[in-house]
Amino acid sequence: MSETTRSLPEYDPQAVEAAAQRWWSEHKSFQAVEDPAREKFYCLSMFPYPSGRLHMGHVRNYTIGDVISRHQRMLGRNVLQPMGWDAFGLPAENAAMAKGVAPSAWTWDNISYMRRQLKSLGFGIDWSRELATCQPEYYRWNQWLFLRLLEKGLVYQKTGTVNWDPLDQTVLANEQVINGRGWRTGALIEKREIPMYYMRITAYADELLGALDGLEGWPERVRLMQANWIGRSEGVEIAFPYDAAATAAAGRDGALLVFTTRADTLMGATYCAVAAEHPLATAAARDDAGLAAFVEECKQGSVMEADLATAEKRGMPTGFHVIHPLTGDRLPVWVANYVLMGYGEGAVMAVPAHDERDFEFAAKYALPVRPVIAGTREPGTTWDDAFAEHGVTINSGPFDGLEFDAAVDAIAASLAEKGLGKKRVQFRLRDWGISRQRYWGTPIPIVHCADCGVVPVPDEQLPVVLPEDCVPDGSGNPLRHRPDFLDCRCPACNGPARRETDTMDTFVDSSWYFLRYACADNHTAMVDDRVSYWLPVDQYIGGIEHAILHLLYSRFWTRVMRDLDLVQIKEPFTHLLTQGMVLNDIYFRKDETGRLIYFNPAEVEQQADAAGHPVAVLLADGSPVESGGIGTMSKSRNNGVDPQLLVDSHGADTARLFTMFTAPPEQTLEWSDEGVQGASRFLKRVWKAVHAHVADGPASKLDPAALTKSGIALRRQVHQALVKVTDDIGRRRTFNTAIAAVMELLNSLNRADVATPSDRAVMQEALELIVLMLSPIVPHICHHLWNVLGHPGAIIDQAWPSPDRSALVAETREIVVQVNGKVRGRVVVPAEAADAEVRAAALADNNVQRFVGGQTVRKVIVVPGKLVNVVV
RNA sequence: GCCCGGGUGGCGGAAUCGGUAGACGCUACGGACUUAAAAUCCGUUGGCCGCAAGGCCGUGCCGGUUCAAGUCCGGCCCCGGGCACCA
């Protein structure tokens with residue numbers, strides 16, 4: 001590089017980015033066109049909820065998608081990267097309540113602001129396919145498919161439990177229940193049973209579970225979480241016949257049905273327990289005021305499983321008994337708050353000796369413990385917990401001495417003989433309740449007629465359009481007060497009728513939006529042929545928080561559409577990347593009432609106090625604030641970073657580089673102002689290296705045969721970096737290490753001595769490759785630098801480069817030598833050296849000799865090309 | 001409570017299939033340039049011992065397998081995600 005002082009052009013991100021974005025827009029670079037002759041690549045990021053402004057999590061998510069998309073494009077694929085809006089949901093209703101603005105207006109304002117932000121980040125999105133789930137053109141197909149499922153019996157009605165706020169007279173979301181109280185009213189929340197529509201996802205439980213094995217492009221942990229969520233377990237359904245009192249109360253002969261995976265412990269059952277909602281509990285409570293009060297108490301609080309499972313175990317006897325199906329013993333039936341009505345039969349047989357929860361309950365209420373599995377403890381000794389592992393049966397009469405499987409088989413056979421039990425499979429998965437007592441969602445296409453009952457809306461009357469000018473006030477669904485929506489004609493008898501006011505769960509919207517991108521302009525059908533070209537999604541990217549619900553519903557919905565012959569695929573997403581959350585520091589003060597006031601980290605500075613200890617100080621008043629550690633960026637903790645400020649101050653490329661470099665995509669990412677500086681500095685260094693190089697005039701053509709020794713070594717580093725970056729971006733998706741490899745290479749180039757024309761040719765090649773390798777990550781600056789390097793076309797049309805294999809060949813290798821597993825030296829050997837030769841060189845090393853000393857060499861392990869371990 | 005992840009220098013992280021722990025970046029410190037500052041460039045930076053060569057210790061904790069463990073196995077601790085109406 002010449003040492004003459006001269007002024008190189010300054011890196012001005014705003015100008016560079018505006019120019020690149022203008023070029024892409026003018027050339028419609030990202031408009032995807034179906035072309036059966038070309039291999040397609042459908043790269044999809046989870047669509048955002050239009051909450052107001054982009055947050056760093058969005059920037060991270062969409063940068064990952066854009067890097068993969070641009071890389072695939074360079075590999076020659078026909079890439080589709082669409083974008084849309086998950087536009088229905090609760091926050092719009094909350095904003096409406098807070099600001100008195102209609103959810104629709106609020107949502108569309110947010111969409112136009114966020115669309116502009118996405119464009120300023122330079123994502124290669126095909127905006128011609130944009131959709132929003134709150135458009136009738138979209139949600140009419142939610143309604144249409146709902147009707148098809150209704151016809152097939154895959155949608156049905158039953159009651160479901162919701163959180164009821166008795167003051168506001170409204171149903172609350174789990175999020176709106178805080179410590180068992182309504183978030184606005186503070187009233188104690190009650191559980192309430194209301195009629196709802198359900199989708200029969202359990203009909204697909206076996207298939208959804210079985211197909212997980214084939215999802216090789218999914219992270220193992222997501223597959224595991226889904227498998228556990230579906231929760232297939234094999235067990236025995238056992239009938240415990242009612243005693244006379246229970247029979248009388250139930251009004252007929254009957255038996256308490258329970259499901260258990262531990263039929264081998266049946267001889268140890270000492271009581272049965274039912275959920276508070278169980279019919280037997282209801283029957284018992286009729287004549288027992290104390291029990292009635294307890295059952296009512298169990299109906300207080302939220303419906304959340306986490307709350308139920310962590311609640312203190314409590315119960316009361318029903319006074320009824322059931323008959324043990326094998327021993328004939330009378331067992332008491334209890335109502336217990338740890339039994340879930342939603343799983344199995346809502347009743348359990350309790351074996352305190354071999355189940356943790358039963359044990360805790362039995363200990364509290366002095367119920368008998370009867371060990372029937374040989375464990376680590378002798379029967380008769382004091383136990384402090386249950387022995388829940390499998391083992392050999394004891395104290396079980398004719399079933400003694402059996403291993404788990406044999407015991408279950410023998411007991412199941414004996415029960416079957418008496419007609420009191422059979423083996424069956426139980427899933428943890430429950431059917432999907434889709435009814436919401438909310439305004440801002442897809443209207444359920446049902447009409448209620450006094451004469452005809454529940455009548456589906458005919459297809460030709462779709463969509464049932466949601467009025468857009470409602471402003472919810474927190475006291476229930478405003479649709480109930482809208483005669484223009486409510487009043488209609490019955491499709492069956494044409495008499496006066498009333499529309500259903502419940503809307504659909506927003507997970508319905510997101511269960512198939514990825515199909516609609518392929519044909520968003522089709523207003524006569526839900527999907528068309530273009531879906532079979534683009535689907536399945538080749539790469540799906542989104543937050544790990546969606547690992548179960550959204551992804552499982554989408555898998556279910558896709559299968560439903562397959563069974564309706566609407567699509568040919570069964571799995572919607574071939575490869576899945578689950579990105580980690582974005583975190584930032586949390587700072588707060590407590591006010592007089594003990595409430596926490598949060599301060600944005602941007603308003604806080606780290607200083608040292610008089611004693612030299614670090615202390616966080618609010619810039620506004622110079623007084624300290626408390627540190628609350630680190631946590632996900634959220635409005636409630638006021639620790640978000642507005643990506644717009646970053647884009648405005650440093651440019652989109654710096655924002656993109658920072659999020660890609662700071663952490664691998666699947667891990668949490670911690671925000672750091674200094675890290676942003678580092679990213680920006682690196683881009684300036686790339687800019688400078690390219691401009692300094694071209695300032696010395698054009699380089700001559702590269703002749704690999706005419707290189708100096710240092711030129712060969714430098715060129716080897718260049719192509720090694722290319723091999724690594726190709727693998728990191730294309731296979732491993734570890735963008736952080738890809739960037740590190742390019743940084744390392746740039747450091748080498750800056751140190752290199754460029755004296756001869758052949759050196760300059762190597763430099764030209766190296767800089768071109770650096771710009772090509774970085775172009776998926778920081779596309780704007782690379783768009784510019786590609787032209788600076790003397791190329792007339794656009795870098796976006798360039799192919800991903802291939803390494804020159806001959807440049808990678810090295811003559812020697814460095815081998816690490818260990819003695820007893822500790823590194824004691826390094827030797828340089830010819831690259832092709834045989835093991836014996838490497839071994840000899842290793843043993844000859846001075847420091848190695850020092851540690852071997854006079855001891856006998858017991859073993860020498862040679863790992864070819866890497867290391868030698870001498871064991872003495 | 002249940003299911004799934006994670007824990008490595010002052011900090012973010014690297015180590016891809018059991019084979020050199022700390023790549024790359026940040027911070028801090030020292031130097032160059034500058035009237036000065038910023039920016040930029042160069043150097044040092046896990047701890048301890050040593051003039052040096054080099055050595056000892058070190059990947060949340062305890063134990064195990066192996067020639068070799070951040071990586072595998074068993075038991076714990078802490079942090080994060082999900083738990084079906086936030087999306």
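Proteins get letters first, then strands, A, B, ... in listed order; numbering begins at 1 in each. Scope of the values below: all heavy atoms of this structure, side chains included, with no hydrogens, waters or symmetry mates.
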>> Heavy atoms only, 4.0 Å cut-off, all strands: where does A:Phe851 land among base, sugar-phosphate and nothing?
In response: sugar-phosphate
>> So that I know where these two stand, are A:Trp512 and A:Tyr138 an aromatic pair - ring centroids less than 6.0 Å apart?
In response: yes
> Which part of the nucleic acid, if any, lies within reach of A:Gln818 when heavy atoms closer than 4.0 Å are counted: base, sugar-phosphate only, or nothing?
Replying inline: base
> Salt bridge between A:Lys364 and A:Glu312, side-chain N to carboxylate O under 4.0 Å?
Replying inline: yes
> Should A:Asn847 be listed as having a side-chain N or O under 4.0 Å from OP1 or OP2 of B:rG55?
Replying inline: yes
>> Please tell me if A:Arg681 has a side-chain N or O lying less than 4.0 Å from either OP1 or OP2 of B:rU27.
In response: yes
> Across all strands shown, which nucleotide pairs with B:rG58 by Watson-Crick or G-U wobble geometry, both distances under 3.5 Å?
Replying inline: none
>> Looking at A:Asn846, I'd like to know whether one of its side-chain N or O atoms comes within less than 4.0 Å of OP1 or OP2 on B:rG54.
In response: no
> Would you say B:rC4 has OP1 or OP2 under 4.0 Å from some side-chain N or O of A:Asn228?
Replying inline: yes
>> Once you apply a heavy-atom cut-off of 4.0 Å, does A:Val871 come out as touching a base, just sugar-phosphate, or nothing?
In response: sugar-phosphate
> Expressed as a whole number of Å, how far does the P atom of B:rG9 sit from that of B:rG70?
Replying inline: 14 Å
> When you compare B:rA32 with B:rC49, how far apart are their P atoms, in angstrom units rounded to a whole number?
Replying inline: 30 Å
> Given the P atoms of B:rC48 and B:rC11, what is the spacing between them in whole Å?
Replying inline: 15 Å
> Hey, is the side chain of A:Asn869 pairing donor to acceptor with the base of B:rC67 inside 3.5 Å?
Replying inline: yes
> Does B:rG80 have a Watson-Crick or wobble mate here (both distances under 3.5 Å), and if so which one?
Replying inline: B:rC4
>> Treating A:Trp440 as the side-chain partner and A:Thr503 as the backbone partner, does any N or O pair qualify as donor plus acceptor under 3.5 Å?
In response: no
> Within this structure, what is the CD1-to-P distance between A:Ile548 and B:rC2, rounded to whole angstrom?
Replying inline: 16 Å
>> Within the 4.0 Å heavy-atom criterion, would you say A:Leu867 contacts the bases, only the backbone, or no part of the nucleic acid?
In response: base
> Across the strands shown, which category fits A:Ile861 at heavy-atom distances under 4.0 angstrom: base, sugar-phosphate, nothing?
Replying inline: base
> A:Glu545 near the nucleic acid: base, sugar-phosphate alone, or nothing, with a heavy-atom cut-off under 4.0 Å?
Replying inline: base
> Does B:rG9 adopt a syn or an anti glycosidic conformation, taking syn as a chi angle within 90° of 0?
Replying inline: syn
> A:Gln667 CD to B:rG81 P: how many Å, rounded?
Replying inline: 15 Å
> Counting any heavy atom closer than 4.0 Å, what does A:Thr506 reach on the DNA or RNA strands: base, sugar-phosphate only, or nothing?
Replying inline: sugar-phosphate
> Base, sugar-phosphate, or nothing: which does A:Val162 touch, judged by heavy atoms less than 4.0 Å apart?
Replying inline: base
>> Using the P atom as the point on both nucleotides, what is the distance between B:rC76 and B:rG82, in whole Å?
In response: 25 Å
>> Say we look at B:rC26 and B:rA21: how far apart would their P atoms be, to the nearest angstrom?
In response: 26 Å
> How would you label the contact of A:His550 with the nucleic acid (heavy atoms, under 4.0 Å): base, sugar-phosphate, or nothing?
Replying inline: nothing
> What do the steps show when you test A:Phe661 against A:Phe682 for ring pair (Phe, Tyr, Trp, His ring centres under 6.0 Å), and what is the final call?
Replying inline: CA-CA 11 Å; A:Phe661 178 64; A:Phe682 172 68; 8.0 Å; no
> When you match A:Ala306 and A:Pro91 each to their closest nucleotide on RNA chain B, which lands nearer the 5' end?
Replying inline: A:Ala306
> If we take the C1' atom in both B:rA38 and B:rC33, what is their distance in whole Å?
Replying inline: 12 Å
>> How many whole angstroms separate atom CZ of A:Phe661 from atom P of B:rA14?
In response: 10 Å
> Starting at CG of A:Asp505 and ending at C1' of B:rA87, how long is that distance when rounded to a whole Å?
Replying inline: 10 Å
> Under 4.0 Å between a side-chain N or O of A:Arg751 and OP1 or OP2 of B:rC42?
Replying inline: no
>> Do the side chains of A:Arg357 and A:Glu360 get close enough for a salt bridge, i.e. N-O under 4.0 angstrom?
In response: no
> Across the strands shown, which category fits A:Arg731 at heavy-atom distances under 4.0 angstrom: base, sugar-phosphate, nothing?
Replying inline: base
> Any idea if B:rC17 is syn or anti, going by the 90°-from-0 cut?
Replying inline: syn
> Counting only Watson-Crick or G-U wobble pairs whose two distances fall under 3.5 Å, which nucleotide matches B:rG25?
Replying inline: B:rC11
>> So, OP1 or OP2 of B:rG55: does either fall under 4.0 Å of a side-chain N or O from A:Arg850?
In response: no
>> Which is more 5' along RNA chain B, the nucleotide nearest A:Gln176 or the one nearest A:Lys684? Just name the residue.
In response: A:Lys684
>> Please name the nucleotide paired to B:rU65 by Watson-Crick or G-U wobble geometry with both distances under 3.5 Å, or report none.
In response: none
>> Please report the distance, rounded to the nearest Å, between CZ in A:Arg221 and P in B:rG6.
In response: 7 Å
> Any N or O donor-acceptor pair linking the side chain of A:Lys822 to the base of B:rU20 at under 3.5 Å?
Replying inline: no
> In whole angstrom, what separates A:Gln677's CD from B:rG12's P?
Replying inline: 19 Å
> So, is A:Arg428 close to the B:rG82 phosphate, meaning a side-chain N or O under 4.0 Å from OP1 or OP2?
Replying inline: no
>> Contact between A:Ile194 and A:Trp164 at the side-chain level, heavy atoms closer than 4.5 Å - yes or no?
In response: no
> Considering every strand shown, what is the Watson-Crick or G-U wobble mate of B:rU35 when both distances are under 3.5 Å?
Replying inline: none
>> Does B:rA14 have its OP1 or OP2 closer than 4.0 Å to a side-chain nitrogen or oxygen of A:Thr737?
In response: no
> Expressed as a whole number of Å, how far does the C1' atom of B:rU16 sit from that of B:rC4?
Replying inline: 23 Å
>> I'd like the C1' distance from B:rG58 over to B:rU20, given in whole Å.
In response: 15 Å
>> Classify A:Trp432 by what it touches in the nucleic acid, base, sugar-phosphate, or nothing, heavy-atom distance under 4.0 Å.
In response: nothing
> Heavy atoms under 4.0 Å, any strand shown: does A:Pro48 hit a base, just sugar-phosphate, or nothing?
Replying inline: nothing
>> Considering every strand and a 4.0 Å limit on heavy-atom distances, what is the contact class for A:Met304: base, sugar-phosphate, or nothing?
In response: sugar-phosphate
> Are A:Arg184 and A:Asp168 ion-paired here, with the side-chain N under 4.0 Å from a carboxylate O?
Replying inline: yes
> Is it true that the side chains of A:Ser302 and A:Asn163 contain a donor and an acceptor less than 3.5 Å apart?
Replying inline: no
> Does a donor on one side chain and an acceptor on the other come within less than 3.5 Å for A:Asn747 and A:Arg685?
Replying inline: yes
> For the pair made of CD1 in A:Ile230 and C1' in B:rC2, what is the distance, rounded to whole Å?
Replying inline: 17 Å
> Just checking, any donor-acceptor pair under 3.5 angstrom between side chains of A:Thr737 and A:Asp728?
Replying inline: yes
>> Strictly by Watson-Crick or wobble contacts shorter than 3.5 Å, is anything paired with B:rU16, and which nucleotide is it?
In response: none
> Contact class for A:Glu305 vs. all strands (heavy atom < 4.0 Å): base, sugar-phosphate, or nothing?
Replying inline: base
